[in-house]
Amino acid sequence: MRDALRRLFVATLADLDVPRALTPALTRFRPLAERGDALLVIAFGKAARPMATACRDALAGARLRGLVVPPEPDAAPLPPFEVI
């Protein structure tokens with residue numbers, strides 16, 4: 001049973017559309033970005049990279065900085081964020 005639940009969980013994570021899920025929530029930050037405020041993004045866990053990418057894309061042109069902490073070693077850059 002435990003293995004079946006784990007497989008279901010992993011399959012569900014693989015099917016999630018992070019940008020589609022996050023983009024509506026990120027629109028509330030657009031006024032801050034348009035005003036020129038710097039926004040700090042912190043993303044960690046299994047969806048850290050897709051979440052940070054969704055933030056960067058949804059808030060294109062905003063002054064962003066932040067930290068992305070995926071669970072596995074990840075050396076691929078994701079400007080303007082630091083990946084550790």
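Please read these numbers as outputs of a predicted model, since none were measured by experiment.
Closest non-hydrogen pair, Pro19 versus Ala54, comes out as CA-CB, 3.8 Å. Nearest approach of Ala33 to Ala62, heavy atoms of both residues: CB-CB, 3.4 Å.
Residue pairs meeting the salt bridge (Lys or Arg N to Asp or Glu O under 4.0 Å) criterion with at least one member in residues 75-84, sequence neighbours excluded, do not occur. Residues in residues 40-60 take part in these salt bridge (Lys or Arg N to Asp or Glu O under 4.0 Å) pairs, two or more places apart or across chains: Arg49-Asp74. Counting only residues at least two apart or on different chains, no salt bridge (Lys or Arg N to Asp or Glu O under 4.0 Å) pair has a member in residues 16-29.
Applying the side-chain hydrogen bond (donor to acceptor under 3.5 Å, both in side chains) test to Arg35 and every residue at least two apart in sequence or in another chain returns Asp37. Residues satisfying the side-chain contact (heavy atoms from CB on, under 4.5 Å) test with Leu5, not counting sequence neighbours, are Met1.
Under a 4.5 Å side-chain heavy-atom criterion applied to ILVMFWY residues, the cluster that includes Val41 comprises Val18, Leu22, Leu26, Phe29, Leu32, Leu39, Met51, Leu59, Leu64, Val68, Leu78, Phe81, Val83 as well.
Under a hydrophobic clustering in which Ile, Leu, Val, Met, Phe, Trp and Tyr are joined whenever their side-chain heavy atoms come within less than 4.5 Å, directly or via other members, Leu40 and Leu67 fall into the same cluster.
More than 12 heavy atoms of other residues, nucleotides or ligands shown are found within 6.0 angstrom of CZ on Arg30.
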